[in-house]
Amino acid sequence: MTSEYNSTEIPPLVKGMTYEEMPAGQIFRTARRTITETDLVNFITWGGFNEPLFWDASHAADGGYSGRLVPGALTYCIAEGLVLQTNVLHGTGLAFMHMELTVRRPVYVGDTLYAVVETTDSRPSSKPGRGVVTSRITVRNQRDEEVLVYTPVRLIRGKDYGATTL
């Protein structure tokens with residue numbers, strides 16, 4: 001069966017939210033993801049994290065850690081990936097502008113992480129058709145312990161965004 005259609009007339013299945021759809025107080029949780037040894041080795045090799053704390057289990061144990069320690073940067077990257085996988089920013093995110101980050105607890109290979117995202121501020125930007133959204137993202141492990149917190153500030157498309165508003 002052949003059908004004629006114009007692809008621009010078909011609504012996308014995946015569409016991110018505009019800044020107007022992200023009011024302060026909005027909260028959601030991401031899916032979960034377990035950190036593997038492969039994740040750790042690939043990240044520290046790729047990023048050049050040639051620190052015995054991450055390569056040498058006995059060195060980490062001497063520091064009081066009880067397993068294969070994961071860099072805070074990897075924890076952040078996994079969390080940000082989990083946020084993006086929700087598609088909340090799919091096609092509406094314009095820029096990552098600022099962030100503050102605090103590591104609360106160690107993360108180990110085998111830990112399962114998820115993120116809780118709470119919008120703390122949402123306002124129009126100085127240019128029409130876009131807004132600035134600030135969130136507090138809390139990363140939690142399988143024991144529901146807070147392991148990392150970051151506060152991204154993002155530029156997000158508005159409902160009236162158009163390519164000419166650049």
Side-chain angles (χ1 to χ4, degrees), residues 13-123 125 130-157:
L13 182 60
V14 177
K15 184 176 181 303
M17 299 170 89
T18 64
Y19 83 88
E20 296 94 343
E21 297 170 312
M22 299 178 184
Q26 179 186 58
I27 190 166
F28 67 89
R29 180 178 58 81
T30 69
R32 298 175 188 267
R33 185 183 190 291
T34 301
I35 305 220
T36 67
E37 179 75 14
T38 301
D39 294 329
L40 174 64
V41 171
N42 285 340
F43 184 83
I44 62 180
T45 301
W46 169 83
F49 284 63
N50 297 323
E51 171 62 39
L53 197 57
F54 309 124
W55 279 116
D56 182 344
S58 63
H59 177 82
D62 288 346
Y65 298 106
S66 60
R68 296 282 286 140
L69 193 61
V70 172
L74 175 55
T75 301
Y76 159 73
C77 287
I78 295 286
E80 191 69 355
L82 289 169
V83 170
L84 293 176
Q85 289 168 29
T86 69
N87 294 314
V88 68
L89 301 172
H90 190 89
T92 57
L94 292 171
F96 190 103
M97 299 165 52
H98 175 78
M99 170 179 76
E100 293 188 18
L101 181 145
T102 303
V103 176
R104 301 270 194 218
R105 293 179 177 272
V107 171
Y108 301 99
V109 167
D111 281 353
T112 299
L113 305 178
Y114 69 96
V116 175
V117 180
E118 180 180 3
T119 302
T120 57
D121 188 49
S122 181
R123 62 175 175 78
S125 75
R130 57 189 75 200
V132 177
V133 176
T134 304
S135 301
R136 180 177 194 274
I137 300 179
T138 305
V139 184
R140 304 185 78 82
N141 65 18
Q142 68 277 6
R143 291 177 298 282
D144 209 30
E145 298 167 328
E146 188 175 274
V147 297
L148 186 138
V149 176
Y150 64 105
T151 56
V153 179
R154 304 177 201 267
L155 187 64
I156 307 291
R157 292 177 189 223

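Please read all numbers here as calculations on a predicted model, not as lab measurements.
- Using modelled atom types, one side-chain atom of Asp39 and one backbone atom of Thr36 make a donor-acceptor pair closer than 3.5 Å.
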Inset, instruction - Could you give me the CA-CA distance, side-chain angles and deciding distance for Ile44 and Asn50, then say whether side chain to side chain contact (heavy atoms under 4.5 Å, CB included) is met? - result: CA-CA 7 Å; Ile44 62 180; Asn50 297 323; over 6 Å; no

Inset, instruction - Take Asp111 and Gln142 through the side chain to side chain contact (heavy atoms under 4.5 Å, CB included) test and state the conclusion after the steps. - result: CA-CA 6 Å; Asp111 281 353; Gln142 68 277 6; 3.0 Å; yes

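- Here the closest heavy-atom approach between residue Ile156 and residue Met17 is recorded as CG2-O, 3.6 Å.
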Inset, instruction - Go through the steps to decide whether Leu84 and Leu89 satisfy the test side chain to side chain contact (heavy atoms under 4.5 Å, CB included), and finish with yes or no. - result: CA-CA 7 Å; Leu84 293 176; Leu89 301 172; 3.8 Å; yes

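- Between Met99 and Tyr150 the shortest side-chain heavy-atom distance falls below 4.5 Å.
- Under 4.0 Å is where a charged nitrogen must lie from a carboxylate oxygen, and between Glu146 and Arg104 at least one such pair does.
- Exactly one residue among Tyr76, Phe49, Phe54 makes a ring pair (Phe, Tyr, Trp, His ring centres under 6.0 Å) with Phe43. That residue is Phe49.
- Not counting sequence neighbours, Tyr114 has no partner by the ring-ring contact (aromatic ring centres under 6.0 Å, His included) test.
- Contact record, Leu69 with Pro106: CD1-CB, 3.7 Å, taken as the closest heavy-atom pair.
- Under the side chain to side chain contact (heavy atoms under 4.5 Å, CB included) criterion, Thr119 pairs with Met22, Gln26, Ser122, Val133, Ser135, sequence neighbours left out.
- Looking only at distances, no side-chain donor or acceptor of Asn87 sits under 3.5 Å from a matching main-chain atom of His90.
- Using modelled atom types, one side-chain atom of Thr120 and one backbone atom of Thr134 make a donor-acceptor pair closer than 3.5 Å.
- No donor-acceptor contact under 3.5 angstrom links the side chains of Arg32 and Thr34, judged on distance only.
- Between the side chain of Thr86 and the backbone N or O of Val83 there is at least one donor-acceptor pair closer than 3.5 Å.
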Legend entry - Intermediate values then yes/no, salt bridge (Lys or Arg N to Asp or Glu O under 4.0 Å), Glu20 and Arg130: CA-CA 9 Å; Glu20 296 94 343; Arg130 57 189 75 200; over 6 Å; no

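- For the pair Arg29 (side chain) and Ala115 (backbone), a donor-acceptor distance under 3.5 Å is absent.
- A heavy-atom distance below 4.5 Å is not found between the side chains of Val149 and Val139.
- Looking at Glu145 and Arg140, no side-chain N of the basic residue comes within less than 4.0 Å of a carboxylate O on the acidic one, giving no salt bridge.
- Residues Gln85 and Thr30 fail the side-chain proximity criterion, which asks for heavy atoms closer than 4.5 Å.
- Across all their heavy atoms, Leu53 and Tyr65 have their closest contact at CD1-CE1, 3.9 Å.
- For Glu37, the CD atom sits in a packed shell: over 12 heavy atoms of surrounding residues, nucleotides or ligands are nearer than 6.0 Å.
- Shown here for Glu118 and Gly25, the closest heavy-atom pair between the two residues is OE2-CA, 4.4 Å.
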